[in-house]
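One structure below.
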Amino acid sequence: MAERPDASAAPELLVESGGVTQVMDPGHAYHVGRDPDSDLVISDDRVSWHHAVLRATEGHWLVEDEGSTNGTYTDGHRVSRYGVGPGSVIRFGNPADGPCAVLAGVPRPTTPVGHPKTVSRPAATHTFRRPSAVRPLPPARTTRIGRADDNDLVVDDLSVSRHHAELRAGPDGYRIADLGSHNGTYLNGRPVDVAPVRPDDIIGIGHSAFVLVGDQLQQYVDTGEVSLDVQRLTVRVGRGSERRTLLGGVSFPVGEKSLLAVIGPSGAGKSTLLNALTGLRPADEGTVLYDGRDLYRDYAELRQRIGLVPQDDILHTQLTVRRALGYAAELRFPEDIAPAERAARVEEVIRQLGLVERAGLPIHKLSGGQRKRVSVALELLTKPSLLFLDEPTSGLDPGMDRSVMHMLRGLADDGRTVIVVTHSVLSLDVCDRLLVLAPGGTIAYYGPPEEALPYFGFGQWPEAFEAFENDRGRDWAGEFRDSPLYRRYIAGETRQPPAPPAARAPQAPREPVAAPRTRRWGTQLWTLMRRYAAALSSDRTFLIIMVALPFVMGAMAHGLSGGKLTADSATNVLLILCVGAVLTGAANAVRELVKERVIYQRERAVGLSRSAYLMSKVLVLGTVTVVQAAVLTVVALFGVVLNAPGGKGVLLPPLLEITLAVALLAFTAMMLGLLVSALVRKEEVTMPLLVLLAIVQVVFCGALHSLRGTPVLEQLAWLVPSRWALGAMAGTIDLHRILPQPLTADPLLRHAVGPWLLDMGMLVVLSVVFGFLVLRLLRRHEPEIMRQ
C-alpha cells in the first residue's frame, strides 16, 4: 500500500494504535482503514475501508481524509487535510470514542541515523533498518504469536498460521517454540521446534522478524522493499584440467523497488547467475546478501520470499486460471486459512495481473503473454520481495514483449525487486539497471540501460553482441572495473560491507536443536491428488486413450480365446493380458514426471513434500490403472471357460485371481513407467522407451519360450514384472495340464499356493523397489542447496 511521495525533510514519527507502535518513515505514505492491506489496519465498523492517509510533505506531516463516511478528527474537529506532529491524537469515525492513533517523536537511536543496525554475533549476522513496530511483551509468561485475533501478538500475514509460535519465559531466559505451523519458525535463519532466544537473535515468522530487546519485541516487516547485494559470485564445473568457470567473481547491487535486466550472448552465464541468486545452485564462492542477510545460510527461511518464474510454464495448463491458482494457494498457504481468504487472495492477484476476463479459461488456451502473466500471478500469491524471471518474453511478438516488460515495471513500482534474464533488447528502457555479461561469466557493464551502448561505442545491440563473439580475448570485465561507471554504479551503490570468506561456513549450534517436522503431509497429499485428478480429467486425449485401450486389448484377447482356454489359445490370451496390462500401466505414467519437472522443481523449492508428490501420482494413477486392468480382464475373459482344475483357482475364484494378477502387473508397470519418467531428460524420448519396455516384457515373460535353465536371461527375467504375472495367471488355470513340456516345466507356473504367492509377492516387491528408486531420482531435480 505504501507509496513514495515527494522528498521531504520531515522527521520520523512513532504512531501508536491498538497497542502496536510503528515507526513512520517520511519517505512513505501510510494508509489507514479496514482494508487488511492498509499500513494501519483498524477493525472498527465506524472506520471506512480506505479512511485516511498520513504523509510527509514540505518538512512536516499531514493527515488527509480519503472521503470516509464518518470522518477523521483532530482536536475534536473533523478535518479533511490537517498538519500533525509529535503529541497529536487522531480519531477515526467518531471525535469522542473513535479508534485513535497517537503520534510521538522517535527517540535518538544508538546507531547513526541512516545507517543500518548490524548485529555482529556470528550466529545472527543480519542487517535491519528501524523497526516497523515495537511490541511490549504482555505480563504473561508465555506470549503466543500468530494470525488469529486471540494471540498475544497478532501478525497480519497469510503465510503465518493462526497459532504459529510461542515465546516462553523461564528462569534461564526466553525460548521460542513452534506450534506446528505451516511455514515454520526460524531462529537466525534455521528452522526450529524449540530453541533458546538470546539478545540480538532473530526470530523469523512469515514476512516478519522479531528481535528481543529487554521486555520488548522489535518487529521488522519485510514489505518487499529490499535490496540485494551480490558479492564475488563464482561458479565452476568440472574437475582438474577440465574445470571451467561459468561465473567469474560477479558483484553488483540491486536497489529497492528496482527492475534489473540481465542480458548477454549465449554461454555468458545468465542462467548460472539466476540459479545462484535464487539458491537453486549456490555459487562455489561469494555471497548473496538479502537486505544484509546471507541468502544461502538463511535459505530455509528466505525461500518463501523469493518468486521464480522459469521459462517453461509452472502450472498445469489443462486447468483454468482460477482453479490452478487456487490449488497453488492451498499448497503455499497454511491449512488453517479459510477458503474464502485464499480465494480472496487469488482474485486479488488475478486483478493485479489483468486476468479477470480470462480467469475461467484453461491456461493452454491463453496467448503466450497471458500465460506468462498467470505464472507471475502464481508467484505473487505469497507476496515475494524478490521476483526472478527467466526469459519471460521468449517466443513473444514485439508488442507482447513490451507488454510483459511494462507489467514487470509495474510490479517493481508496487514495492518489490524484480530481476529478469532476457535475450530481448526491445524494452530495456523500462528497467532501472542493466547487467551485461560477457563470455566467461564476467560483468561487461552495469548501470542505467541508456548509458550502455554509448559505453560500448555502438549504435545497436547486435553490434555489441557481435563484438562479444568476435573478440573473446578482450578483457571486458577489466575495462569496466577501470571505468567511472563501475565506481558510480557498483562501488558507489553497494551498501553492505563485504562478507568474510567464511560467511557461509556452517555455524556450530549453541545446543542441539530439534530438526523441523514435516508439516501437513496429508493435507499436501490431498491437494496434490485433487489437482492431479482435475488435470487428468481435463485432458481429453488422455481420457480417450484411458477408456479405449483396455477395451481394445481386451477385445483382442477375447477374440483369440475362442470361448475357451485350450492348448492353442491359452498362451496367446495370457500373453495379450500381460502386454495389455504393461502398456496400460506404463503408458499412463511414462510422461508424468518429466513433463512436470519444472513445476516440481519450483514447488519443491517452496516446501513441497517429495514423498507427498510421488504418492499423489501413485494413488491417482494407480486407481486409474487398476480400474483399466479390471476392465481389460473382464472384457477379455467374459464368458470364457478358464479350464481351472475343478473350476477353482489356487486360493480364489479363477477370474478374480487373474484379475488381481493383471491389476498388480499393470500397477507395477505404472511404477516402472514413473521410473523411466524420472530418468529421462526430455518428454520426447518416453514413447520409444515405452515401445522398448513392451518388447522386453514380451521377450522375458516366458510365454514364447522357457527361460528356465538359461543363464543370464533367467536372472534378468526376475526384474521383469510380466514374468511373475504370467506365472500367477498360469498357476491359476494350471497351464501345466493344458500345455506340454518344456514351457510348463517352470516351477513358477505350477498350480500351487507357494508359487502363486511368490509370483504375486514379487510384483509387490518390484513396485516398492521402483517407487524407492523414483523417490531417489526426484531428489536430483531439487534445488542443490536443499540436497545439502
Quick check for you: to the nearest 0.5 Å, what is the distance between [X] atom [atom1] and [Y] atom [atom2]?
X	Y	atom1	atom2	value
L259	H406	CG	NE2	10.5 Å
R232	L247	CZ	CG	13.5 Å
R610	L775	CZ	CG	5.5 Å
L435	L260	CG	CG	6.0 Å
D298	N188	CG	CG	8.0 Å
S208	Q218	OG	CD	13.5 Å

Query raised in the report: With sequence neighbours left out, which residue pairs that include part of residues 369-378 fulfil the side chain to side chain donor-acceptor pair (under 3.5 Å) condition?
Result: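 Non-adjacent pairs meeting side chain to side chain donor-acceptor pair (under 3.5 Å): D313-R371, R358-Q370, S367-Q370, R373-S403.
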Query - Qualifying side chain to side chain donor-acceptor pair (under 3.5 Å) pairs with a residue from residues 269-278, counting only residues at least two apart or across chains - result: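 For residues 269-278: none.
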Might you point out which heavy atoms bring [X] and [Y] nearest each other, and give the distance in Å?
X	Y	value
R604	R303	O-NH1, 4.4 Å
P392	L408	CG-CD1, 4.4 Å
A678	L593	CB-CD1, 3.9 Å
G189	A300	O-CB, 4.2 Å
T234	G249	OG1-N, 3.1 Å

Report task. Please list, chain by chain and in numerical order, all residues satisfying ring pair (Phe, Tyr, Trp, His ring centres under 6.0 Å) with Y489, sequence neighbours excluded. Result ->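 Listed in chain order: nothing, the list is empty.
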Query raised in the report: Would you call the rings of Y455 and Y445 parallel, tilted or perpendicular, where under 30° means parallel and over 60° means perpendicular?
Result: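 Tilted.
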**Report entry** Plane angle bin for Y613 and Y600 - parallel if under 30°, tilted between 30 and 60°, otherwise perpendicular
**Finding:**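 Judged by the thresholds at 30° and 60°, the geometry between Y600 and Y613 is tilted.
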Query raised in the report: For Q304, what residues pass the side-chain hydrogen bond (donor to acceptor under 3.5 Å, both in side chains) criterion, not counting sequence neighbours?
Result: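 Scan of Q304 (side-chain hydrogen bond (donor to acceptor under 3.5 Å, both in side chains), adjacent residues dropped) gives none.
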Requested in this report: Taking the side chain as every heavy atom from C-beta outward, state whether L228 and L386 have any atom pair closer than 4.5 Å.
Outcome: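 The answer is yes; the side chains approach within 4.5 Å.
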Requested in this report: Check the pair D291 / Y220 against side-chain hydrogen bond (donor to acceptor under 3.5 Å, both in side chains), numbers first and verdict last.
Outcome: CA-CA 12 Å; D291 245 20; Y220 302 83; over 6 Å; no
Return all side-chain donor-acceptor pairs below 3.5 angstrom for residues 682-689, not counting sequence neighbours, or 'none' if the list is empty.
unit_1: E683; atom_1: OE2; unit_2: R591; atom_2: NH1; d: 3.0
unit_1: T686; atom_1: OG1; unit_2: E683; atom_2: O; d: 2.7

Requested in this report: Output every pair passing salt bridge (charged side-chain N to carboxylate O under 4.0 Å, His left out) with a member in residues 388-408, not counting sequence neighbours, ordered by first then second residue.
Outcome: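 Counting only pairs at least two positions apart or across chains, the salt bridge (charged side-chain N to carboxylate O under 4.0 Å, His left out) contacts touching residues 388-408 are R402-D429.
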Query - Residues S394, Q311; criterion side-chain hydrogen bond (donor to acceptor under 3.5 Å, both in side chains); working and verdict - result: CA-CA 8 Å; S394 178; Q311 185 173 350; 3.2 Å; yes
